[in-house]
Student: 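Here you go, one structure.
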Amino acid sequence: MADVAPACTIAIFGAVGDLTKTLLMPAIFDLAAGGLLDPQTKIVGLDHNDRDDASWRKAMDDALHAFLEKQGDRSKKNGDDEQAFTFVLDRLHYRKFDFTNDDDYASYAKELGDAGNVVFYLAVAPRFFEAIVAGLDHAGLLKEKDGTFRRVVIEKPFGSDLDSAKALNAKLTSLANETQLYRIDHFLGKEAVQGISALRFANALFEPVFNRDHIASVQITAAETVGVEHRGSFYEGLGALRDMVPNHLFSLLTLVAMERPDTFEAQAVRDAKTALLEAIEPIGPGDAVRGQYAAGTIAGAAAVAYRDEERVAKDSLTETYAALSVRIKNDRWRDVPFYVRTGKRMSAHVTTIALTLRDPKGPIATDPAQPDLLLLGIDPKRGLVQRFAAKRPGVELVLGRAEAGFRYETTFDEPPNVGYETLLYHVMAGNQLLFQRSDMIEAEWAAVQPVLDAWGSDGAAPDPYASGSDGPASADALLAKNGDRWLEVATLDDLGKDTA
Ligand code: BG6
C-alpha cells in the first residue's frame, strides 16, 4: 500500500474547464477513495468564471457522478466511494481569478501565506502557461520556505515546435526550478505504459531481446475511432503530428527503446530517455505521411469528412493521421525501423506497440508472412500478447501460430485507474519519474522539426483516407520502401482477445 501523500493545497487553474471535470476531479476522488490523501488536503478552484463554493461544488459533484456512472462496477476498487465524496466535496473552495492580473496573485499569496505545500495545476490553454507561472513567481508563490514545496503541473501541448518549446522552457526555468516543474504527458500515467518498464526491466525473458539482434522492426499504433469531436477550432492549428507524436508516441517509443537505467530513480530514467530521444535521427518529409479523414463508416455508423466537421475549414490542410518511419542512431537499434502512426476515425480504437522478432534462421522453416510478435497493449484489455511458432499435433513437424499473454483486468484484482491519479500522486510525493524534463521535450520537437517545416510550407493537402479505414495508401508505401507492411489495425485489435 502506497503512503498517504503529503498534505498540500491543490490549486487548480482552469477549475471550470473540461479537463478538471473529466480527468482531474475523478483522479482526486480516486486518490481520496484509496485513502491516499492527507486529511489536511485543500482543493482550490481558480478560474475567471463567476462561481462560488456552492455552485462549483455542485458542478464537481455532477462531474463525479457522471464519472462513476461511466466507470460502472467499482466493487473491485480498493476504497470507499461514499467517504470519498464527502472528503472531496467538503474540501472544495472556489476563487474567481484573472490569470493575467497581478493583483489576483498578490491577494491569493496573502491568503496562502508562506507556509504550506501547494501544487499549482495548470489545466488551462497553453497561452496562459507563461502568464500564470510569471504571476505566481511575482507574487512570491513559488518560494519554497522551511521545507515546504511549491510545484507547478503543466499540461500539453508544451510548445508547438522546437523554437516555441525552447522559449517556453527558458521562460519557465527562469521563474521556477526544474525540480518544481511537472510537465504532463498523460500517457505516462497509464498502467500499461508503466508496465512496459516492468516487463523489460523486471523479467529475465524480455529485456535480452530488446535490440537489433532480435527485433526486426517496431510498430507503434495509436488508432482512434473518434473524430475531432468538439475540438475543431483547436485541432485545426494542431494536427495529428503535433497532437500525438512528439509527446505520447515518442514516450512509448522511449520506454521500449531506451538503454537500461542503473536505477529506477527519476534522474537515471529521465537521463536514459533523453539519451534515446537525442539519438533519433531528425525525421524529414520523405519519412513521413499525412492523411485526413474523408467520409466513411465506423461500426456501421456514417461518419462525416474532417472538412465537414464543426469549426473546420472546408479546405483545411490539417492532418488527422500521421505516420513516420523513425531511425535511432545507436548500437542497440541501428538498422531497426520504428514505425509510428496515429489517426482519428480509423477502423478500431487500439493503442499498441508491436515488436516483430527476427527469423531465428534455425533448422526448422518458419512462415515469413507470420513472424513472431510481441505485442504490448496500452489499454487495460490487453496487457501483453506473444505470438510465436508451435508444432501442430500430428506425425510431421508442421508449425502453427500460438498465442500467450496476460490481461490486466483478468490477472490482477485491482482495476486500472484513469492515469491522472498516478501522476497527481507523484507530483505530491515529489517524484518526477513520470514527467517530461525540459531536455526531453526539446529532443522530441527536434526530431520532428524537419517534417513540421516541410508540411508547414509546402501547401500540400494531406492524403485522404476513408473514415473507418487504416489510413491513407501512402502510409503503406512508406513501409514498402523497407519491404515491411503495417499490421492491420483489426489484427492488432484481435490479437490476444482469446488468450490474454
Ligand atoms: C490527447 C490528444 O492528448 O490524447 C487527443 O489531444 C487524443 O487528441 C488523446 O484523443 C488520446 O488519449 P487516450 O488516453 O484517450 O488514448
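Atoms within a ligand are numbered from 1 in the order they appear, just like the ligands themselves. Heavy atoms only: backbone and side chains are in, while hydrogens, waters and symmetry mates are out.
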Student: What are the atoms of ligand 1, with element, lying closer than 4.0 Å to any heavy atom of R231?
Tutor: 2 (C), 5 (C), 6 (O), 8 (O)
Student: Quick check against the 3.5 Å criterion: does D47 have a side-chain atom that pairs as donor or acceptor with the backbone of V16?
Tutor: yes
Student: Check contact between D243 and ligand 1, using heavy atoms of the residue and a distance below 4.0 angstrom.
Tutor: yes
Student: Looking only at distance, does T351 have an N or O less than 3.5 Å from an N or O of ligand 1?
Tutor: no
Student: Can you tell me if T320 and Y465 form a side-chain donor-acceptor pair at under 3.5 Å?
Tutor: yes
Student: Specify the protein heavy atom at minimum distance from atom 12 (O) of ligand 1: its residue, its atom name, and the distance to 0.1 Å.
Tutor: H186 NE2, 3.2 Å
Student: Can you pull out the closest protein heavy atom to atom 11 (C) of ligand 1? Residue, atom name and distance to 0.1 Å, please.
Tutor: E224 OE2, 3.8 Å
Student: Can you confirm whether the side chains of R437 and T274 place a donor and an acceptor under 3.5 Å from each other?
Tutor: yes
Student: Can a donor-acceptor pair be found, under 3.5 Å and without considering hydrogens, that links the side chain of R151 to the backbone of V427?
Tutor: yes
Student: Do R183 and F158 meet the cation-pi criteria used here (NZ or CZ under 6.0 Å from the six-membered ring centre, within 45° of the axis)?
Tutor: yes
Student: Number the atoms of ligand 1 from 1 as they appear, then name those within less than 4.0 Å of a heavy atom of H248, with their elements.
Tutor: 1 (C), 3 (O), 4 (O)
Student: Strictly under 4.0 Å, does any heavy atom of Y235 approach an atom of ligand 1?
Tutor: no
Student: For the CE atom of M258 and the CD1 atom of I328, what is their distance to the nearest 0.5 Å?
Tutor: 12.5 Å
Student: Can you tell me if CD on E207 sees more than 12 non-hydrogen neighbours from other groups inside 6.0 Å?
Tutor: yes
Student: Tell me which one of K344, K190, M244, H349 gets a heavy atom nearest to atom 13 (P) of ligand 1.
Tutor: K190
Student: Any protein heavy atom lying closer than 4.0 Å to atom 8 (O) of ligand 1?
Tutor: yes
